[in-house]
Amino acid sequence: MTELSKHFDPAAIEARWYAHWEKEGLFRPERDDAEPFTIVNPPPNVTGSLHIGHALDNTLQDILIRHQRLLGKDALWVVGTDHAGIATQMVVERQLMETQQKRTDFTREEFVEKVWQWKEESGGEITGQLRRLGCSMDWSNERFTMDEGFTKAVTKVFVDLYNDGLIYRDKRLVNWDPGLKTAISDLEVENSEINGHFWHFSYPLEDGSGAISVATTRPETMLADMAVAVHPSDERYKDIVGKKVKLPITGRLVPVITDEHADPELGSGAVKITPGHDFNDFEVGKRAGFKPTDMLNMLDADAAVYQTADGLIPDELIGIDRFEARKRVVEMIDDTGLLEQVEDRVIVTPYGDRSNVVIEPWLTDQWYVDAEKLAQAPIKAVRDGTVEIVPKSWEKTFFNWMENIQPWCVSRQLWWGHRIPAWYGIKKEMLDPATADAFEGSTEMVFVASSDEDVKEICSAYYEVSADDVLIADTVDEALQLSGENTGVAVITRDPDVLDTWFSSGLWPFATLGWPEETDDLKRHYPNSVLISGFDILFFWDARMMMQGMHFMGEVPWHTLYLHGLVRAADGQKMSKSKGNTVDPLGLIDQYGADALRFFMAAMESQGRDIKMDEKRVEGYRNFATKLWNAARFCQSNGIGASETLEAPAAEKPVNRWIIAETIQTIQQLDIALADLRFDGAANTIYHFVWDRFCDWYLELIKGQIDDETQSVAGWVLDQILVMLHPFMPFVTEELWSKMGDRPDYPLITARWPIADARSMDEDAAKEIDWLIKFVREVRAARSELNVPAGTKLDLYLPDAPELARLVLSRDTAALSRLARIGNLAMKSPPEGSMIQVVVDEATYYLPLEGVIDLDAEKARLAKALETAEKEAGSLDKRLSNPQFVEKAKPEAVEKAKADHAEKTAEAERLRAALERLG
RNA sequence: GGGCGCGUAGCUCAGCGGGAGAGCACUGCCUUCACACGGCAGGGGUCGCUGGUUCAAUCCCAGCCGCGCCCACCA
């Protein structure tokens, strides 16, 4: 047994214990016969480093996992990192930029190789940081979303979904990020309001019979206008419908059409229609009979002006950036006198969440997942309670999104990621390798397959059935030339795109367990027990896990979905790097220890609310750890050590019987709080037990009287504390566990969670000690208010005290002497003279005081106490004299009111008498 | 335009049908033999406002006032 230092120094023990746990395999002890408990960790980006949100998220998970491990379960916490397509590619591209290089200086293979290299050298920094937080994940099976097995799973999922008709290729408007030059999904678009303008143009009618006024916030798109729409019921334009207008600048002739979309109330009631560059207009365009392939496009991948198919855009505008083009178009229209008006207006503008660049609706071929179909099973699962969302208030949000879900664009024009397992046969003359949109309209046929081998088979089969117009492969596989030298119509090439990162991370709950192989782990740990995630990824990740999990596994991915909030800065603002208001969790760990940070997170995590950072509070929990440390130090120096029993030891002394009962009550409360996922309640329960009950009362009551029984009880209680606190504060508890006694091969991390054995509860002892505490408090308060010097001992006279009081007071003289500074005890009336009168329940206690006490102060004290008692008695009296209350209230409430009334009345009476005695 | 949530002690937050709690901050006393990262005692709240339901409302209902967040195609 090593002596403990006076202050607890977290840094001195954390790394040591973590290394020990990991090395000994204690995060995943062999428990093949135990009930499984499984959590998958939301895989952090491989580029990521631990931020305060991770600290919250992972602390909560670790609390659950450690608790379940202590309960004896086969607790598995799956861990790994996410390849994070866009983020990782950006990191490596930035790195290249430092040496004036760019991605396209390399072949795709070379670049991807560089990313892997980066990943090996610098990726996964966060995994070390999670260790510093104390997270007990199963590192021995760490995964990566692009490791071999996972990639296999992703490919299978794509192929299967394709074969089930749940993935398809479609030409429509996507959210195009011109900064990253890739499509992104709806969820990756963030709308924000900016100050813009509303330009009103006059479009002259072709026949010269007038003009129609249209207004737009995006004037440059008029270069690709294909119609002007008015509402069918709009009488003003009745005669113009069907005529054509001649667009300024391009001179394109476009029809005036009717469509419900046009709002007669807005502007002139006529709206320009640009199907290739606006989501509404796309729909209007389709209704008006335009096919997507015919819709005009006027922007390239960089969002610079691009010549439309009809070649009508003046050369001077070609190649100009969209925002510059906006100015030029307005100027040009103004020059022709067709600019009618410019209004200031707040415009909702879409930005890419990664690039922070304005998103462009752009007409491309992309892969889409039929999310609507996949959403049905998850909706039902939440509806019928198979998946419980905690807190429940998120259900509505979940349903609202799931029930209105849009096709999910899953293809990304990136190099880093899971490459889409689709191959195209393309006619040679259509192939233009120089441009990104080379495949535009050139696809002859698509083959979706898991491997080149599969492609070969499919191609051969296809060749057999329709030899005339098929391909000869030359890129993927030489064997495809089996198809013959067949006039050289086509080449085969693999889809250059990769999948949305969330497409793969959605498989996390089962692909990490070995799927598609039917492994034992998969059978045992799917469905997972619970998922902990921030509400910010409810749609991104949680919902997708449900869709993919239920489709491929036929079962929900987990039974409970716990959503926590955001950790905000102290002023309530969202933390962000750009605002510079982030708090580094590792800095907090350095300063206060991982245990303190973890306890803070747990204590602040009430369901449903964001957490505001409060460093003072972290400090407070550091103090708590020190408090526990010192309590253990006290125990150690008094021969109190590791308990030898799991059950509470037998005890005679009331104080020991009392603390055993208190401990068991704490276990019960903790069990309930943890079962309810009330992290705050759990943390507060153990906090107050340790500090208020164990340290402030129990240890004080036993000081100076520590016999064998007390040693074994105190040792047992401290052990239970260490176990109960371990999920929250793993480091300090493990250290104390080892220091409190020799327990080789029995580390705390795999100890036994205490059993709330109610048989050890003792009501009589509780009554006695509770009364004692109350009495000590009253005496202390009286002494303090009358400024009796702390060291002065006073004799105590109790002429009319009830039996319980006499018993307790005469037994616990040592404790009384220490805690209330009581000298001698006499069961009789006090001598004449000045004294303090203390009223506890129905009795008065007298403490004569040498010299003169401050009579006024004593009167004031008693008067105040009397006032309080009378007020309470009065209000209870009023309630009890209300027949309605006695009649209708619950009997318990009436009983309680009666008892309280009696007590308060007696107390008031005593206080009144005491006051009278003072004259 | 829909949906969700919040407004309780100076601050940060629990409580959510029987008469209000915690941590920090504040005041006074205490170098009491585990701990001053401590101990003891204390001050401080018309529980946003207005109605309603109830024997009883901070807690339930309605409306209002403030403040967040999410979703949504108003050009």
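Just so we're on the same page: letters track the sequence lines, and every chain starts at 1.
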Quiz item: Using the C1' atom in both, what is the distance from B:rA9 to B:rG68, to the nearest Å?
Solution: 23 Å
Self-check item: Distance, C1' atom - from B:rC74 to B:rC69, rounded to whole angstrom
Solution: 23 Å
Quiz item: Which part of the nucleic acid does A:Lys888 contact within heavy-atom distance under 4.0 Å: base, sugar-phosphate only, or nothing?
Solution: base
Exercise. Count the heavy atoms belonging to other residues, nucleotides or ligands that lie under 6.0 Å from CD of A:Gln669, then report whether that count exceeds 12.
Key: yes
Quiz item: In whole Å, what separates the C1' atom of B:rC24 from that of B:rG19?
Solution: 27 Å
Quiz item: Aromatic rings A:Phe201 and A:Tyr203: how do their planes relate, parallel, tilted or perpendicular, breaks at 30° and 60°?
Solution: parallel
Practice problem: May I ask you to say whether A:Arg879 pairs ionically with A:Asp877, meaning some side-chain N is under 4.0 Å from a carboxylate O? | Solution: no
Quiz item: Taking CG from A:Asn882 and P from B:rA56, how many angstroms apart are they, rounded to a whole number?
Solution: 8 Å
Practice problem: Ignoring hydrogens and angles, state whether a donor on the side chain of A:Thr349 or A:Glu193 is under 3.5 Å from an acceptor on the partner side chain. | Solution: no
Quiz item: When all nucleic acid strands are considered with a 4.0 Å heavy-atom cut-off, which category describes A:Arg783: base, sugar-phosphate, or nothing?
Solution: nothing
Practice problem: Map A:Arg678 and A:Ala570 onto RNA chain B by nearest heavy atom, then report which one ends up closer to the 5' terminus. | Solution: A:Ala570
Quiz item: Would you say A:Lys793 has more than 12 foreign heavy atoms packed within less than 6.0 Å of its NZ?
Solution: yes
Self-check item: C1' atoms of B:rU32 and B:rA22, separation to the nearest Å
Solution: 27 Å
Quiz item: Would A:Glu778 and A:Lys774 pass as an ion pair if we require N to O under 4.0 Å?
Solution: no
Exercise. Would you indicate what A:Phe8 reaches in the nucleic acid, counting non-hydrogen atoms under 4.0 angstrom: base, sugar-phosphate, or nothing?
Key: nothing
Exercise. Return no unless some side-chain N or O of A:Lys396 is found under 4.0 Å from OP1 or OP2 of B:rC4.
Key: yes
Practice problem: Check every strand shown and say whether A:Asp263 touches a base, only sugar-phosphate, or nothing at a heavy-atom separation below 4.0 Å. | Solution: base
Practice problem: Give the stems involving RNA chain B, where a stem is 3 or more consecutive Watson-Crick or G-U wobble pairs (i with j, i+1 with j-1, and so on) under 3.5 Å. | Solution: B:1-7 with B:65-71, B:10-13 with B:21-24, B:26-30 with B:38-42, B:48-52 with B:60-64
Quiz item: How is A:Lys703 classified with respect to the nucleic acid when contacts are heavy atoms under 4.0 Å: base, sugar-phosphate, or nothing?
Solution: base
Quiz item: Please walk me through it: do A:Glu403 and A:Arg383 pass salt bridge (charged side-chain N to carboxylate O under 4.0 Å, His left out)?
Solution: CA-CA 12 Å; A:Glu403 283 163 0; A:Arg383 214 46 99 199; 2.6 Å; yes
Practice problem: Provide the distance between the two P atoms, one in B:rG23 and one in B:rC70, to the nearest whole Å. | Solution: 34 Å
Practice problem: Please work out if A:Ala262 contacts a base, only the sugar-phosphate, or nothing of the nucleic acid, heavy-atom cut-off 4.0 Å. | Solution: base
Kindly give the atom pairs (protein nitrogen or oxygen, nucleotide nitrogen or oxygen) under 3.5 Å for nucleotides 38-45 of chain B.
residue: B:rG38; atom: OP1; partner: A:Asn623; partner atom: ND2; Å: 3.2
residue: B:rG38; atom: O3'; partner: A:Lys627; partner atom: NZ; Å: 3.0
residue: B:rG39; atom: OP1; partner: A:Lys627; partner atom: NZ; Å: 3.0
residue: B:rG39; atom: OP1; partner: A:Trp691; partner atom: NE1; Å: 2.5
residue: B:rC40; atom: O3'; partner: A:Arg780; partner atom: NH1; Å: 3.4
residue: B:rA41; atom: O2'; partner: A:Ser784; partner atom: OG; Å: 3.1
residue: B:rG43; atom: OP1; partner: A:Lys864; partner atom: NZ; Å: 2.7

Practice problem: Please state how far atom CG in A:Asn630 lies from atom C1' in B:rA34, giving the value in whole angstrom units. | Solution: 5 Å
Quiz item: Is the A:Phe624 ring parallel, tilted or perpendicular to the A:Trp691 ring (thresholds 30°, 60°)?
Solution: parallel
Quiz item: Does A:Phe728 have its ring centroid less than 6.0 Å away from the ring centroid of A:Tyr621?
Solution: no
Quiz item: Does any N or O donor sit under 3.5 Å from an N or O acceptor when you compare the side chain of A:Arg622 with the base of B:rC37?
Solution: yes
Practice problem: Have a look at A:Ser606 and say if it touches a base, only the backbone sugar-phosphate, or nothing, with a 4.0 Å heavy-atom cut-off. | Solution: sugar-phosphate
Self-check item: Sugar-phosphate only, base, or nothing, as touched by A:Lys896 at under 4.0 Å among non-hydrogen atoms
Solution: nothing
Self-check item: Gap between atoms CH2 and P, on A:Trp401 and B:rC69 respectively (whole Å)
Solution: 21 Å
Quiz prompt | Aromatic ring of A:His261 stacked on base six-ring of B:rC73, 5.5 Å, 30° | solution = no
Practice problem: Just say parallel, tilted or perpendicular for the rings of A:Trp176 and A:Trp362, cut-offs at 30° and 60°. | Solution: tilted
Exercise. Could you tell me whether A:Lys878 atom NZ has more than 12 heavy atoms of other residues or ligands within 6.0 Å of it?
Key: no
Practice problem: Under 4.0 Å between any heavy atoms, over every strand shown, what does A:His688 touch: base, sugar-phosphate, or nothing? Just pick one. | Solution: sugar-phosphate
Quiz item: C1' atom, B:rC49 versus B:rU8: distance in rounded Å?
Solution: 15 Å
Quiz prompt | Closest to side chain of A:Arg617, choosing from B:rA14, B:rG18, B:rG23 | solution = B:rG23
Self-check item: Same-atom distance (P) from B:rG21 to B:rG45, integer angstrom
Solution: 14 Å
Quiz item: Counting side-chain heavy atoms from CB outward, which of B:rC71, B:rG18, B:rC69 is closest to A:Arg568?
Solution: B:rC69
Quiz item: Base, sugar-phosphate, or nothing for A:Cys695, non-hydrogen atoms under 4.0 angstrom?
Solution: base
Quiz item: Say you pick atom P in B:rU46 and the same atom in B:rC11; how far apart are they, in whole Å?
Solution: 13 Å
Exercise. May I ask you to say what A:Arg345 touches in the nucleic acid, namely base, sugar-phosphate or nothing, with a heavy-atom cut-off under 4.0 Å?
Key: sugar-phosphate
